[in-house]
Amino acid sequence: MDKMKRIAARHPWLNDPLRAAMTARPQGTAKLALGAVLTAAFFAAALTLCSGMEGAAVIALTGAVCTALLIVGAWRSAGEQPAIVLLCLAALAMLAVGAHLAMLDIKPGRYTKVLEPLLGDLWNYELVTAMAWEEGGWSGVYLIVCALFSRLESFYPLYAFKLFDMVCQCLCALAVMRLSRMRGAKPYGAVAGMMACVLAPTMLMNAGLWAQCDATFAMFTLWGLALLLDDHPLAGCVLWGLALGTKLQSAFLFPLLIVLFLRDRVQLRHILALVLAAFLCQIAILLDGQELTSLVGRYAMQIEEATYDIGLADHAPGVYSLMSIASVREFSGMGLYLGIASALLVVMALLRSHKPLTGETLLLAALLLAAGLPLILPQMNARCLYLAGMLAFACAGNARRMTAAVLLELVSLCSYIEAVFANTIMPMTVLSLMAIAAAVLIALELADALCGTEAAKEAQRT
């Protein structure tokens with residue numbers, strides 16, 4: 001008996017091993033081992049649950065990789081924490097990835113009507129010709145991905161699209177966390193932004209219920225912004241070039257290049273690297289024998305098709321949804337010029353600021369451009385606020401910013417439901433007013449940051 005007491009006195013954790021394990025603060029090898037065990041457990045669970053699906057091992061492995069990315073991001077942001085906190089963060093990461101995997105078997109109408117016929121057509125041509133596909137105005141990275149997926153023979157392409165989006169979504173979440181930390185957010189605030197990026201309903205619906213891959217261009221855009229704000233101009237511009245080669249909406253943030261260039265944080269060679277990266281994304285067009293005009297005019301073709309197909313807006317909030325009569329002929333060109341003018345106003349406000357442009361100020365400007373321009377520009381669709389939603393998660397640091405983030409998410413969610421299910425939750429006029437209100441709140445936050453008011457100082461402390 002005395003011997004047992006001596007052992008217990010020498011090793012107090014033997015008295016309550018469970019409590020000791022939960023309050024321990026693993027570091028180094030122990031922390032790495034814990035993460036590996038949790039990832040392996042998720043892989044085993046996913047493999048069991050997906051055993052009846054085609055390519056179950058690939059699905060489970062992709063899910064485990066995404067889980068590991070989120071766990072590493074959350075644990076690095078949280079720092080040294082008790083094991084129970086690390087387990088809770090890991091559980092959130094598993095929940096986020098599991099939610100995406102649970103939607104793999106849903107077959108959206110867009111896949112049946114658009115993607116499946118496209119993959120069949122691409123399969124009939126050589127790979128380079130498939131990557132230079134002309135019909136539908138498909139562009140850059142999207143075409144490369146579709147052409148590669150058309151070659152899959154032993155794996156369901158629908159799963160491939162959704163898994164690819166899930167990986168990009170997790171990388172977007174890591175970028176949101178990094179942007180949050182760069183603006184001075186507290187560790188758990190940054191983790192909350194990261195988890196919101198993968199668990200928000202619109203993020204789940206984008207691929208799960210719609211078979212879209214907007215996370216691809218968002219991933220390049222967000223990481224490019226993070227690198228630019230962290231004074232890595234070449235890498236940031238290259239990623240923005242890849243984003244431009246993926247989707248034109250990435251250009252919403254490009255006015256910031258004017259500010260960075262005039263503040264000597266970006267050089268001309270970096271901007272040329274952006275153009276080259278965007279060019280290389282679509283080099284297959286030239287390799288296929290098409291003319292240079294086909295490459296340069298790819299986005300012009302998309303805009304022209306959208307003018308006839310969707311008019312001024314396609315289930316998108318904005319000023320056109322507030323008009324009882326809005327003609328494409330009169331308002332399309334005007335909307336483009338108004339959007340350019342509005343972007344230049346943001347640029348002018350940044351350049352006229354007498355205070356140093358911090359990363360937080362530039363991040364707020366990026367959010368204002370991403371949330372405000374889609375409300376003015378024509379030919380926007382229900383997914384036009386996708387990038388703005390992610391940036392809002394990165395910026396949310398006080399009540400006003402949080403309100404803007406919630407409004408943007410709610411507007412996007414209702415727009416998605418109307419576009420996917422033809423079910424109107426709120427009239428588009430109401431959604432448009434809510435989106436405009438969110439843009440106004442963001443503009444006020446940017447004005448506070450530029451003027452250095454007490455509200456901006458409070459936001460920085462938060």
Side-chain angles (χ1 to χ4, degrees), residues 21-22 31-75 83-112 115-116 119 145 148-149 151-174 176-177 191-192 194-216 219 413 416-417 420-421:
M22 291 297 99
K31 197 172 184 179
L32 179 62
L34 178 61
V37 169
L38 293 172
T39 303
F42 182 86
F43 172 78
L47 188 60
T48 302
L49 294 174
C50 300
S51 59
M53 302 170 67
E54 182 180 2
V58 175
I59 295 172
L61 181 60
T62 306
V65 170
C66 291
T67 301
L69 287 174
L70 295 179
I71 289 176
V72 170
W75 286 6
I84 184 63
V85 175
L86 300 181
L87 289 175
C88 290
L89 294 176
L92 275 176
M94 295 178 184
L95 174 64
V97 176
H100 284 267
L101 294 181
M103 305 179 78
L104 282 181
D105 265 330
I106 299 175
K107 192 173 184 179
R110 178 176 179 269
Y111 179 80
T112 305
L115 292 177
E116 201 168 28
L119 295 177
V145 171
L148 293 174
F149 286 172
R151 267 57 187 172
L152 296 176
E153 296 182 0
S154 58
F155 194 76
Y156 191 18
L158 176 62
Y159 294 167
F161 275 110
K162 293 188 177 184
L163 291 174
F164 178 74
D165 177 86
M166 182 178 69
V167 174
C168 293
Q169 189 74 247
C170 292
L171 292 174
C172 285
L174 293 176
V176 166
M177 184 187 69
V191 173
M194 182 186 75
M195 291 303 176
C197 190
V198 283
L199 279 171
T202 51
M203 308 305 166
L204 290 168
M205 291 176 62
N206 189 270
L209 296 179
W210 210 346
Q212 300 282 358
C213 284
D214 289 294
T216 309
M219 171 189 65
L413 179 60
Y416 276 30
I417 292 174
V420 178
F421 302 109

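No experiment lies behind these values; they were computed from the predicted model shown.
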Give, for atom CG of Leu34 and atom NZ of Lys31, the distance between the pair rounded to the nearest 0.5 Å. 9.5 Å
Do you know which two heavy atoms are closest between Ala56 and Ser51, and how far apart they sit? CB-CA, 4.1 Å
Are any of the side-chain heavy atoms of Leu158 and Pro108 separated by less than 4.5 Å? yes
So Ile417 and Leu413, do their side chains get closer than 4.5 Å, heavy atoms only? yes
In Å, rounded to the nearest 0.5 Å, how long is the span from SG of Cys50 to CG of Leu61? 12.0 Å
Is His100 reaching over with its side chain to a backbone N or O of Val198, donor-acceptor style, under 3.5 angstrom? yes
Shortest non-hydrogen contact from Cys213 to Asp165? CA-OD1, 3.5 Å
Just one of Trp210, Phe149, Phe155 clears the ring-ring contact (aromatic ring centres under 6.0 Å, His included) bar with Phe161, so which one? Phe149
Would you say the side chain of Gln169 lies within less than 4.5 Å of the side chain of Asn206, judging by non-hydrogen atoms? no
Between the CE atom in Met205 and the CE atom in Met103, the distance rounded to the nearest 0.5 Å is 7.5 Å
Is any side-chain heavy atom of Lys162 closer than 4.5 Å to a side-chain heavy atom of Tyr156? no
Thr62 and Met166: which non-hydrogen atoms are nearest, and at how many Å? CG2-CE, 3.9 Å
From CG (Leu92) to CE (Met195), nearest 0.5 Å: 5.0 Å
Nearest 0.5 Å, what's the CG-CZ distance between Leu119 and Arg151? 10.0 Å
Please name all residues satisfying ring pair (Phe, Tyr, Trp, His ring centres under 6.0 Å) with Phe164, sequence neighbours left out, ordered by chain then number. none
With rounding to the nearest 0.5 angstrom, report the CG to CG distance, Leu87 to Leu38. 6.0 Å
Here's a test for you: under side-chain contact (heavy atoms from CB on, under 4.5 Å), which of Val58, Leu101, Leu104 qualifies with Tyr159? Leu104
For Leu174 and Gly73 the tightest heavy-atom approach is CD2-CA, 3.8 Å
Do the side chains of Ile71 and Thr39 get nearer than 4.5 Å, heavy atoms only? yes
Sorted by chain and number, sequence neighbours left out, ring pair (Phe, Tyr, Trp, His ring centres under 6.0 Å) with Phe43 holds for none
Which pair of non-hydrogen atoms, one from Ala173 and one from Leu70, has the smallest distance, and what is that distance? CB-CD2, 4.2 Å
